[in-house]
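Numbers restart at 1 for each chain; the letters A, B, ... are given by sequence-line order, proteins then strands. Only this structure's heavy atoms are used, side chains among them; waters, hydrogens and symmetry mates stay out.
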Number of protein chains: 2
Amino acid sequence: MNFADSQLFFGIEPEQAERMLPCLEAASRDFPAGKLMYSYLSGQSSAAVILEGSASVVRYEANGSRTILESLSAGGIFGADLDFYTESLGSVHVVCDTPCRVLFLNYEKMIRPCRSACPRHLDLVQNILSILSGKSRLLGERVEVLSQRSIRDKLMCYFGQLSVKSGSHTFTLPFSMMDLADFLSVNRSAMVRELRFMREDGLIAMKKREVTLL
Amino acid sequence: MNFADSQLFFGIEPEQAERMLPCLEAASRDFPAGKLMYSYLSGQSSAAVILEGSASVVRYEANGSRTILESLSAGGIFGADLDFYTESLGSVHVVCDTPCRVLFLNYEKMIRPCRSACPRHLDLVQNILSILSGKSRLLGERVEVLSQRSIRDKLMCYFGQLSVKSGSHTFTLPFSMMDLADFLSVNRSAMVRELRFMREDGLIAMKKREVTLL
DNA sequence: ACAGATATGGTGCAAATGCAACAGACAAAA
DNA sequence: TTTTGTCTGTTGCATTTGCACCATATCTGT
């Protein structure tokens, strides 16, 4: 995709967006699949837009367990204050799932409107505001799921969110079973077992990754 | 405290902040302790600053369990997109812990700079941006704690965060035992038991709400 | 100081979850 | 096609957690 189609430049004409790039210290880079693209280290202040490919934001805990914090596809944005991960305990990285082309931008330059060259800089700030509250809402949903006390409740809560988002009782899981277990922070085999019980109890129907709430 | 001392008006002179109030449709209200101040209903778009008192953002689940999403004191800000709670499953409310005076503002008016009356409107947007990423960071920490798999790991993770924030191995819990259990989404008595085991294992020392990591 | 309410600490038991191990399914590579 | 590796579903067993109680401790208002 073209960088100007990103949510970051929503409402800004492509030519004007193009003209803003030098001011934002834009730099494009390519990464092969599986490559580490970004680490949330203190002091770093670049943001990035994924132009091609898909990636995951993951945290590796000291004890070896892994948590998927976010899944990103083309148009996705990460880095700097756009995400909110502290490096306190585990380390947080952005890793390519497929080969990626990524546009890096200077976050500080983005949020401070310069009155000189960039007439649409204000729109950029507005867009960041909306991206930020959108991402925050996702995190809030995550907290809602994680604060459920049983595996069954976590699954039902998450399925409920997917159902609302898809506007249907039937939807497709965006995760493999392993990743879903990591996402919910539960044991994989315990989760698969619980899914079986839920099917037996007539709560859900599943065919591959397609789930229906009954 | 005075509204102009809120983070929302950071860097804006009090007189100028005063002049912005009508434009933001500001309205002050008082609430007694325990009173419901705000519900996150779809469509509502007012934000609020706590001038006096303290409050909690809580979610009540369908099954009766309660989750404390956030603790607010004077200067704290809540409402609209400033928080990120969806009403999908449980209902989310802001409730006074002590008597509160609160200033309500129109969120939409805040984030859309009007070129006419408010020369400092842009600063307001910048401040919202920083409040939003600050709150998001808190939420991210919350996810970090909740994604720990055992009660012990949740406690250690949370204690680690408090230790980093206080800059010391000894710190004071901001919660009662009941509220802490709700915050971590675990059973209270199981948590108290685990705290005892952790003391016996020499991991921590506790005296009332004062915890020391060993 | 008292009574009532609320918070805390504790225990036994049942249920849920994690863990390790294994077998079949599936997909990518040779 | 076979091979190889990864994902999935399953099971038995150990451990953790939730739950329902109870006994003290602490707080609050009279």
Exercise. Below 4.0 angstrom from OP1 or OP2 of C/dG10, is there any side-chain N or O of B/Arg196?
Worked result: yes

Tell me the interatomic distance from [X], atom [atom1], to [N], atom [atom2], rounded to whole angstroms.
X: A/Met191; N: D/dG9; atom1: CE; atom2: P; result: 8 Å
X: A/Asn187; N: D/dA14; atom1: CG; atom2: P; result: 17 Å
X: B/Met198; N: D/dT17; atom1: CE; atom2: C1'; result: 15 Å
X: B/Leu146; N: D/dT17; atom1: CG; atom2: P; result: 14 Å
X: A/Arg193; N: D/dG12; atom1: CZ; atom2: C1'; result: 10 Å
X: A/Ile151; N: C/dC19; atom1: CD1; atom2: P; result: 11 Å
X: B/Glu194; N: C/dT11; atom1: CD; atom2: P; result: 15 Å
X: A/Met177; N: C/dA25; atom1: CE; atom2: C1'; result: 14 Å

Problem set entry | Any residue meeting side chain to side chain contact (heavy atoms under 4.5 Å, CB included) with A/Thr98, in chain and number order, not counting sequence neighbours | A/Ser54

Problem set entry | side-chain contact (heavy atoms from CB on, under 4.5 Å) assessment of A/Leu213 paired with A/Met156 | CA-CA 9 Å; A/Leu213 291 180; A/Met156 287 307 282; 4.2 Å; yes

Of the options [options], whose atoms approach the side-chain atoms of [X] most closely?
X: B/Ser189; options: D/dT8, D/dT17, C/dT11; result: C/dT11
X: B/Ala190; options: C/dG10, D/dT8, D/dT17; result: D/dT17
X: A/Lys208; options: C/dC26, D/dT17, C/dT8; result: C/dC26
X: A/Val192; options: D/dT26, D/dG9, D/dT17; result: D/dG9

For this session: Determine whether any donor atom in the side chain of A/Arg188 lies under 3.5 Å from an acceptor atom in the base of D/dG9, or the reverse, and answer yes or no.
Result: yes

Problem set entry | A/Tyr38 and A/Phe78 aromatic ring geometry - parallel, tilted or perpendicular at 30°/60° bounds |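 Geometry flag for A/Tyr38 against A/Phe78: perpendicular rings.
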
Problem set entry | Close side-chain approach of B/Leu24 to B/Leu124, heavy-atom, < 4.5 Å | yes

Exercise. Reckon A/Arg152 touches a base, only the sugar-phosphate, or nothing at all at heavy-atom distances under 4.0 Å?
Worked result: nothing

Problem set entry | Carboxylate-amine/guanidinium contact A/Glu194 A/Lys154, below 4.0 Å |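 No salt bridge links A/Glu194 with A/Lys154.
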
